[in-house]
Amino acid sequence: MPKQSAPQELAAIAPKLVEVTDEVLFADVWERPGLSPRDRSLVTVSVLAALYRSEQLGYHLGVALDNGLSVEELSEAITHLAFYAGWPNAMTAVNQLKTIADARNARNAG
């Protein structure tokens with residue numbers, strides 16, 4: 001899994017939040033052996049989509065792709081969530097996934 005880090009530009013405003021994000025969330029929780037990075041990504045994306053946390057969702061969709069989930073698997077998870085978390089949440093998530101997938105495809109094609 002690529003090393004994750006909180007946006008460092010936030011350290012000027014919330015240094016402790018950035019420190020705890022990096023040292024506890026990413027260096028400890030994400031590294032625990034009970035779930036693979038791929039599974040952690042699936043859980044994270046699902047929760048962010050279900051709770052309509054769209055500001056964080058795009059980043060974690062990218063991480064999920066880096067951690068081995070396919071666009072098709074993420075799309076299927078989002079479709080499944082639509083019935084449990086709400087249609088607008090799923091539509092927002094799938095639009096973000098499309099944007100990220102299109103950007104990656106364009107980068108890989110060029």
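The model shown is predicted, which means the values in this text are computed figures rather than measured ones. Here, residue 1 is the first one in the sequence, and each next residue gets the next number. Just the heavy atoms: all of them, side chains too, but no hydrogens, waters or symmetry mates, feed the values below.
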Give a yes or no answer on whether the side chain of [X] reaches the backbone of [Y] with a donor-acceptor pair at less than 3.5 Å.
{"X": "Q96", "Y": "S54", "result": "yes"}
{"X": "S75", "Y": "V71", "result": "no"}
{"X": "R53", "Y": "L51", "result": "yes"}
{"X": "E73", "Y": "S70", "result": "yes"}
{"X": "N89", "Y": "A85", "result": "yes"}

Q8 vs D22, side chain to side chain contact (heavy atoms under 4.5 Å, CB included): CA-CA, chis, key distance, verdict: CA-CA 10 Å; Q8 296 306 300; D22 287 348; 3.1 Å; yes
Please tell me whether [X] and [Y] are part of a single hydrophobic cluster in this structure, the criterion being side-chain heavy atoms less than 4.5 Å apart.
{"X": "V18", "Y": "I13", "value": "no"}
{"X": "V43", "Y": "V29", "value": "no"}
{"X": "Y59", "Y": "L57", "value": "no"}

Flag side-chain contact, heavy atom, 4.5 Å: W30 against N67: yes
Check [X] against [Y] and note the closest heavy-atom contact, atom names and distance.
{"X": "A77", "Y": "L42", "result": "CB-CD1, 3.8 Å"}
{"X": "L61", "Y": "A93", "result": "CD1-O, 4.0 Å"}
{"X": "V45", "Y": "A64", "result": "CG2-CB, 4.0 Å"}
{"X": "S41", "Y": "V63", "result": "OG-CG1, 3.7 Å"}

Roughly how far apart are [X] [atom1] and [Y] [atom2], rounded to 0.5 Å?
{"X": "L69", "Y": "H60", "atom1": "CG", "atom2": "NE2", "result": "13.0 Å"}
{"X": "N95", "Y": "M91", "atom1": "CG", "atom2": "CE", "result": "5.5 Å"}
{"X": "R40", "Y": "T44", "atom1": "CZ", "atom2": "OG1", "result": "8.0 Å"}
{"X": "L65", "Y": "L97", "atom1": "CG", "atom2": "CG", "result": "6.5 Å"}

E55 atom CD: more than 12 heavy-atom contacts under 6.0 Å: no
D66 side chain to Q4 side chain, donor-acceptor N/O pair below 3.5 angstrom: no
Salt bridge flag under 4.0 Å for residues K98 and D102: yes
